[in-house]
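Throughout, protein chains are lettered first and strands after them, A, B, ... in sequence-line order, and every chain is numbered starting at 1.
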Amino acid sequence: MEKLFYEQLQEELYYEKMPNGLDVYILPKKGFNKTYATFTTKYGSIDNQFVPLGQTEMKRVPDGIAHFLEHKLFEKEDGDVFQQFSKQGASANAFTSFTRTAYLFSSTANVEKNLETLIDFVQSPYFTDKTVEKEKGIIGQEIRMYDDNPDWRLYFGTIQSMYKNHPVRIDIAGTVESIAEITKELLYECYETFYHPSNMLLFVVGPVDQEKMMQQIRDNQARKSFKPAAEIKRFVYSEPEEVAQAKQVIPMNVQTPKCLVGIKAKNVGQIGKDKLKHELAMNVLLDYLFGKSSPHYERLYSDGLIDETFSYDYTEEAQFGFAIVGGDTAEPDRLADELKKIMLTFREHSLHEQDLTRVKKKKIGAFLRSLNSPEYIANQFTRYAFNQMSLFDVVSVLESLTCQDIEQAANECFNESQLVVCQVVPKNARE
Amino acid sequence: MLKEKITVVNGLNVHTIQTDKYKTNTLVFKMKAPLTKETVTQRALLPYVLQSGTRTHPNATALRSYLDELYGATLNVDLAKKGEQHIITIRVDIANEKFLKDSTPLLNKAVQLLSGIILQPALENGEFVAKIVEQEKRSLKQRIKSGYDDKMHYANLRLVEEMCKGEPYALHVNGELEAVEAMTTKNLYDYYQKALQEDEIDLYIIGDMDETEVLNLVKSHFQFENRAVSHRKLPMTKKTITNVNEVIEKQDVKQGKLNIGYRTNITYEDEQYYALQVFNGIFGGFSHSKLFINVREKASLAYYAASRLESHKGLLMVMSGIEPSNYEKAVNIIKEQMEAMKKGAFTDEEIAQTKAVIRNQLLETLDTPRGLVEVLYHNVVSERKRPIDEWIAAIEKVTREEIIEVANKIELDTIYFLTGMEGEK
């Protein structure tokens with residue numbers, strides 16, 4: 001077991017790679033009631049074409065299958081794992097993103113038992129024709145719920161406008177039609193390929209004894225046998241640098257229009273500290289331009305073009321990266337024009353060192369605040385680790401950012417050919 | 001266990017909770033008054049105006065830049081209804097400098113800042129600043145309107161509107177659209193002064209601090225004059241249900257939103273409150289509950305099917321998203337689950353499981369500064385004080401008979417269904 005100590009943050013992290021390839025991290029947190037654990041596979045909605053374990057040909061699977069598998073893993077021959085967790089006083093959950101599927105629990109008692117339940121249920125799939133069919137009704141309603149949600153439609157509309165080929169453009173849950181094609185055989189095929197321990201990471205944070213817990217995990221894994229770790233072959237989509245469609249308008253049953261500008265990033269293929277630096281530079285850039293203390297925010301707010309729903313965010317993974325800026329607005333076209341103008345004229349102005357320092361301070365404080373949250377630590381640590389980065393490097397990399405780094409990030413992405421506009425507008429207004 | 005100390009400073013109840021588990025320190029300011037039609041919109045606007053500028057940082061940009069300088073201190077405001085009370089909350093969260101290379105004492109600055117926001121707002125000609133008030137009126141209108149666009153939120157709002165017609169609880173937490181225009185720099189400022197005099201005011205400070213030092217800071221920065229705290233709690237309105245109200249509304253939606261309201265006839269003040277919590281846990285509060293198992297897992301009708309309590313008003317609300325054509329099926333299954341509860345058709349295992357989960361949920365809530373304050377604040381809203389230690393022991397003691405008794409006090413009031421434009425119902 002390896003010990004990593006982060007002095008400034010007063011955090012200790014313990015790490016061990018199990019013989020079967022599973023990465024395990026334990027972060028003891030004194031004073032907390034709760035222990036939070038995530039068991040995550042590097043497998044998400046974008047992994048829709050791959051060579052199944054033991055086969056030789058690329059295979060395309062139905063959209064939404066990673067998310068469907070996440071739902072189905074909770075059901076076992078003797079009932080529902082949720083029941084098991086709640087008998088042990090824990091609350092359990094799971095989520096599927098573009099690149100990861102995570103299973104988790106939090107509990108303030110019976111931590112050892114709950115951890116055992118978490119590891120064992122994820123490592124023992126049980127799919128039948130009957131339970132697969134039943135789940136289609138439930139997930140169908142989950143999809144309908146998102147269909148009626150204007151913010152979700154806007155978000156996915158923006159991504160679809162940016163990406164032409166890459167499956168990041170496909171809704172994580174798939175469609176009612178695509179999930180109809182899912183069978184138990186397909187679920188097993190995906191499971192065997194992506195749920196090998198060498199493709200997974202277990203993170204535990206809470207008031208725990210790291211020695212005892214690591215031993216428990218070693219024993220648990222030693223009792224099970226897995227096939228030797230094989231390299232997973234995922235299809236590599238070719239995606240042009242320019243966007244798929246510059247503008248999309250979605251009429252919906254809403255009263256307030258919404259508008260997002262999406263920025264498709266280039267150069268997302270880096271790994272490790274370079275990638276962390278790129279990601280943080282993009283985040284600082286957005287904060288510098290659109291944060292509540294920026295002159296642009298002040299102007300857009302006093303012109304009545306934005307309200308408190310205005311937000312911005314940058315997402316970067318191994319194969320894609322995009323920024324999204326916008327929110328509710330009375331004038332979606334004017335807001336789109338203003339936001340684009342701010343981005344496209346960025347290089348005409350020089351960056352102020354003093355403002356950059358302020359934004360960096362803000363980011364450092366926000367990072368400290370997020371370390372209050374076990375959920376944040378476990379989920380973000382895992383995400384960073386899957387991209388060969390470390391969550392605990394965030395402060396030092398933030399401190400090292402220079403005006404040149406920010407300008408470079410801006411020059412790379414603020415080009416007309418990389419921008420899209422997506423709007424949700426009241427239906428009646430369009431007729 | 002965390003210890004809450006309450007000290008009255010200048011007519012203000014200061015609650016301090018000393019702990020070293022967080023990397024930040026948190027200040028939560030709450031002011032409470034009865035929910036009334038006359039004041040609801042003014043109260044909905046006020047905190048947004050206050051967070052837009054102080055005497056020393058006279059506009060939002062200046063104030064936000066200052067927050068950034070304080071290592072990204074966060075400032076946010078919100079409004080809540082607890083029973084027939086309307087609560088304004090202003091929160092400041094600031095890094096603890098012991099985790100920074102820079103050792104400027106930040107908590108002092110946070111107390112000073114919060115006092116500036118509450119007691120020295122930006123003014124012009126002795127009133128609020130016209131530009132700020134106009135901007136915030138526009139934002140408030142948009143906030144009210146956007147409640148219409150999130151259908152899950154909208155359906156819940158409409159249920160409460162229908163169910164509590166004529167009662168203060170039917171008022172919206174964000175006020176009334178038609179009343180926004182009449183707000184002026186003067187009448188809002190007058191209301192602000194009145195609220196500072198008359199509201200019940202509480203300040204929570206959570207983090208790694210020297211309590212005596214912090215209380216001295218509060219004493220020097222929060223100087224209220226002539227505060228006459230009136231516990232203006234009006235008697236809760238009561239309703240006798242004569243027949244079940246069924247409301248069906250059509251809109252252009254793909255999924256139907258089914259929201260059902262019951263009167264529990266039990267509030268935080270009552271002895272049966274803990275039994276009501278266990279009741280709700282077995283009935284619909286969790287993923288092992290009857291609603292989740294029967295509506296979702298067995299019948300495959302929904303993705304979500306759950307219930308929640310409004311503790312101070314005494315309401316139980318069920319919500320689920322279903323295919324429009326499954327309306328009757330879903331309503332019947334939900335009614336059957338309530339009948340099962342009334343007849344005591346639940347196992348000892350379900351009781352034990354629910355108690356374990358409630359205990360866990362409570363302890364987890366106490367791990368976040370925000371959750372901790374929300375739990376403690378119930379004791380301000382209610383006459384009945386329930387310390388955290390009592391909670392856990394009392395939930396443990398709830399018996400099967402008490403749960404059945406509670407179930408039989410619960411009355412169905414309103415069924416609300418938001419459905420699509422086509423097809424039956």
Side-chain angles (χ1 to χ4, degrees), chain A residues 8-10 29-34 80 82-83 86-92 106-109 134-135 137-139 141-142 144-145 147-150 253-256 291-295 297-298 301-302 304 307-309 328 330 358-359 361-366 368-369 371-374 427, chain B residues 19-24 59-61 64-65 67-74 93-96 99-101 131 135 138-139 142-143 145-146 148-151 251-255 286-288 296-297 300-304 321-323 349 352-353 356-357 359-361 363-364 366-369:
Chain A
Q8 183 74 48
L9 299 170
Q10 289 295 308
K29 273 260 187 199
K30 304 284 172 259
F32 278 74
N33 294 315
K34 159 161 91 175
D80 193 325
F82 282 122
Q83 295 283 343
S86 65
K87 278 175 198 158
Q88 294 163 191
S91 87
S106 62
S107 79
T108 54
K134 189 205 77 184
E135 204 65 27
I138 298 172
I139 296 180
Q141 286 309 313
E142 187 178 1
R144 288 272 176 266
M145 178 178 85
D147 282 346
D148 281 334
N149 182 321
N253 172 23
V254 295
Q255 290 193 348
T256 309
K292 280 189 173 166
S293 55
S294 69
Y297 184 93
E298 149 80 9
Y301 193 85
S302 57
D307 66 8
E308 73 221 5
T309 61
D328 290 0
R358 196 190 66 231
V359 172
K361 270 189 169 177
K362 174 180 170 184
K363 286 279 177 203
I364 291 169
L368 278 184
R369 179 167 309 105
L371 294 186
N372 285 343
S373 157
K427 223 170 196 172
Chain B
T19 169
D20 62 1
K21 69 197 232 192
Y22 308 119
K23 292 197 162 48
T24 57
N59 56 56
T61 312
R64 294 286 163 183
S65 299
L67 290 166
D68 291 357
E69 290 293 344
L70 298 177
Y71 282 88
T74 59
D93 189 74
I94 193 157
N96 185 329
F99 301 105
L100 297 170
K101 286 183 181 159
K131 188 181 170 198
Q135 276 176 17
R138 188 172 56 211
S139 286
Q142 206 145 308
R143 196 173 307 126
K145 281 192 204 158
S146 71
Y148 173 93
D149 295 343
D150 175 344
K151 300 303 168 195
Q251 267 192 23
D252 179 8
V253 292
K254 293 189 175 159
Q255 185 178 58
F286 302 106
S287 57
H288 70 266
R296 172 175 151 144
E297 294 300 308
S300 198
L301 291 185
Y303 171 65
Y304 68 93
I322 57 173
E323 202 58 46
E349 195 172 30
Q353 194 173 10
V357 176
R359 178 192 158 87
N360 185 56
Q361 192 182 47
L363 288 170
E364 285 193 14
L366 301 179
D367 268 350
T368 67

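- Proximity to chain A (any heavy atom under 4.5 Å) is restricted, for B:Arg138, to the side chain, taken from C-beta onward.
- Taking every heavy atom of both residues into account, B:Lys254 and A:Asp148 meet most closely at N-OD1, 2.8 Å.
- Only the backbone of B:Ile94 comes within contact range of chain A, judged by heavy atoms closer than 4.5 Å.
- The contact between B:Glu349 and chain A is made entirely by side chain atoms (from C-beta outward), counting heavy-atom distances below 4.5 Å.
- A:Gly89 and B:Ala356 get closest at one heavy-atom pair: CA-CB, 3.7 Å.
- When every heavy atom of B:Gln353 is checked against every heavy atom of A:Ser86, the shortest pair comes out as NE2-OG, 2.7 Å.
- Proximity to chain A (any heavy atom under 4.5 Å) is shown, for B:Thr368, by neither the backbone nor the side chain.
- Neither the backbone nor the side chain of B:Asp150 comes within contact range of chain A; no heavy atom of the residue lies under 4.5 Å from a heavy atom of that chain.
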Which is it for A:Asp307 and B:Ser139 under the side-chain hydrogen bond (donor to acceptor under 3.5 Å, both in side chains) test, yes or no, and what are the steps along the way? CA-CA 6 Å; A:Asp307 66 8; B:Ser139 286; 5.9 Å; no

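- A side-chain N or O of A:Thr108 and one of B:Asn360 form a donor-acceptor pair less than 3.5 Å apart.
- Interface remark: A:Asp328 contributes backbone and side-chain atoms alike to the contact with chain B (heavy atom separation under 4.5 Å).
- Side-chain contact check for B:Tyr148 and A:Thr256: no donor-acceptor pair (N or O, by modelled atom type) lies under 3.5 Å.
- Checked by atom type, the side-chain pair A:Gln141/B:Tyr303 shows no donor-acceptor distance below 3.5 Å.
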